[in-house]
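The structure presented is a predicted model; accordingly, all values stated were derived computationally and were not measured. In listed order, ligands and their atoms are each counted from 1.
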Amino acid sequence: MSQFQSVKGTRDIFPEEAVRWQYVEEVVHRLAALHGFREIRIPLFEYTELFQRGIGSTTDIVGKEMFSFQPDPQGRSVTLRPEMTAGVMRAALQKNLFSLGTVHKLYYIGELFRKERPQAGRQRQFSQFGAELLGVSSPAAVAEVITMMMQIFSSLGLKGLRLRINTLGDSEERARFREALQGWFAPFHDILDEASKERLEKNPLRILDSKNPAIQELVARAPRLYDYLKESSLRDFEKVLFYLDERNIAYDIDHRLVRGLDYYCHTAFEVTSPELGAQDAIGGGGRYDALARELGSATDVPASGFAVGMERLLITMEKQGLLAELPSDVPLVYVVVQQQDLLDNGLQLAWQLRQAGITTEIDLAGKSMKAQMREANRVHASYALFLGATEYATGCYSLKNLATSEQITLTLDAMLQFLQEPKAQKPFYS
Ligand code: AMP
């Protein structure tokens with residue numbers, strides 16, 4: 001064992017697990033394309049100010065969770081990306097994507113970094129996939145991102161997820177509500193916990209998010225943002241719900257849902273999983289019309305998006321038994337060389353099989369025939385292909401089905417043809 005261990009809050013993904021990731025990623029790629037989203041890949045780090053401006057300095061992420069460093073002694077501070085939205089918007093603005101008032105539909109899969117206390121469901125390096133619909137702000141747009149996210153969940157077979165949704169109004173409505181909230185909580189100031197006192201002062205909406213039962217009790221009686229919304233904002237929200245109803249997407253309206261980030265307006269949503277403990281949020285998102293201006297854009301770039309945590313998604317899938325029979329990268333054929341002087345011929349044969357697109361494995365360590373057979377079973381090969389003096393001399397090979405022990409003898413051409421037929425292939429998703 002090495003004297004080194006992985007850093008707390010990070011983890012390794014070995015091949016057996018990586019196939020699960022590939023499976024989810026394939027579904028994400030496929031459904032994103034189906035909805036007209038195209039992939040964007042952005043740097044792992046950005047200038048720190050991007051996140052300070054974009055996410056908001058009163059949020060937990062910016063306040064205490066960023067990995068920031070200064071690569072050059074006199075240079076600007078940079079930060080490992082703690083979320084993707086600010087970076088995606090930065091990239092789109094930098095490339096002037098909106099000069100023609102066009103709409104851009106982008107999605108991503110990638111790693112994020114947050115200096116949180118590592119615990120179940122909370123890592124310091126984790127992954128998300130998500131989408132951003134940039135350049136249009138409408139109930140139809142936000143309904144489209146929610147629909148795509150829910151569609152990915154159902155394609156993966158997930159059950160029992162809960163979509164909570166709320167409206168945060170526009171900035172004017174929120175400002176009036178903030179004042180009302182501060183006024184309402186003022187008489188209770190002494191019984192608030194420290195975190196709530198701080199939230200009330202800096203970012204009052206977040207007090208609604210408190211997990212403390214005593215605060216939750218107060219929140220239940222506090223004014224609701226909903227009552228501060230103008231007719232147009234109410235209609236906007238109702239339209240989003242209308243689209244979800246039309247598509248049979250179930251949701252719960254939750255007036256306390258505010259989400260941690262500053263940039264949301266109007267619709268905000270979160271999905272929780274019944275399979276996770278305290279950290280039960282699997283994904284979320286909303287509409288963020290003000291972000292582009294916050295990042296210095298001269299034009300408005302209204303937008304909506306979502307992000308889903310891969311690790312928590314996979315934990316949920318595992319608990320729901322959705323990962324038991326996934327594709328695996330098992331070799332289809334194991335070339336068993338019966339005598340070592342035929343190894344080079346075996347290698348040539350393996351090369352020919354691979355050239356024909358047949359997944360093939362062969363021992364490179366000079367193992368005995370018995371050990372090669374053990375190896376073929378260990379890697380779950382479907383067939384053993386025997387190469388001995390007779391096979392070499394006649395050009396006919398014995399192929400043994402390792403599941404049924406049936407054996408057939410074929411010429412190389414016939415064997416290639418047989419192995420390329422779908423019935424010879426191990427079912428990928430059985
Ligand atoms: P957020 O950007 O905080 O709304 O996070 C979106 C999703 O990313 C969450 O619902 C989680 O599934 C996932 N997530 C956020 N933080 C972490 C973390 N520290 N470790 C693992 N997953 C996380």
**Q.** Residues D60 and R206 bridged, charged N to O under 4.0 Å
**A.** yes
Q | Summary of side-chain hydrogen bond (donor to acceptor under 3.5 Å, both in side chains) pairs that have at least one residue in residues 277-290, sequence neighbours excluded | A | R122-Q279, E132-Y288, S137-R287, S137-D289, D236-R287, R287-D289
Q) Does a side-chain N-to-carboxylate-O contact under 4.0 Å join E46 and R76? A) no
**Q.** Electrostatic pair K202-E198, nearest N-O below 4.0 angstrom
**A.** yes
Under 3.5 Å, which donor-acceptor pairs do the side chains of residues 363-376 form with other protein atoms, sequence neighbours left out?
from : atom 1 : to   : atom 2 : distance (Å)
D363 : OD1    : A365 : N      : 2.9
D363 : OD2    : G366 : N      : 3.1
D363 : OD2    : K367 : N      : 2.7
S368 : OG     : A371 : N      : 3.1
Q372 : OE1    : V337 : N      : 2.8
Q372 : NE2    : V337 : O      : 2.9
Q372 : NE2    : K367 : O      : 3.2
E375 : OE1    : R378 : NE     : 3.3
E375 : OE2    : R378 : NE     : 3.4
E375 : OE2    : R378 : NH2    : 2.8

Q.
Between ligand 1 and A307, is the shortest N or O to N or O distance under 3.5 Å?
A. no
(Q) Judged on heavy-atom distance to atom 9 (C) of ligand 1, which of P82, G130, A281, G9 sits nearest? (A) A281
Q) Between the candidates K115, R117, R114, M84, which shows the shortest non-hydrogen contact distance to atom 1 (P) of ligand 1? A) R114
Q.
Tell me whether ligand 1 is touched by E83 - counting only heavy atoms on the residue side and a distance under 4.0 Å.
A. no
Q) Should Q128 be counted as touching ligand 1, given the test is an N or O pair under 3.5 Å? A) yes
Q: Determine whether any heavy atom of G284 lies closer than 4.0 Å to an atom of ligand 1.
A: no
Q. Do any N/O atoms on G283 end up under 3.5 angstrom from N/O atoms on ligand 1?
A. yes
Q: Mark up the atoms of ligand 1 that fall under 4.0 Å of a heavy atom belonging to G121, in ascending order.
A: 20 (N), 21 (C), 22 (N)
Q | Ion pair check, K105 and E144, cut-off under 4.0 Å | A | yes
Q | Sub-3.5 Å N/O-N/O distance, I282 and ligand 1 | A | yes
Q. If you measure from the Lys or Arg side-chain nitrogens to the Asp or Glu carboxylate oxygens, is any gap between E179 and R176 under 4.0 Å?
A. no
**Q.** Q123 neighbourhood, listing ligand 1 atoms whose heavy-atom distance to it stays under 4.0 Å
**A.** 18 (C), 19 (N), 20 (N), 21 (C)
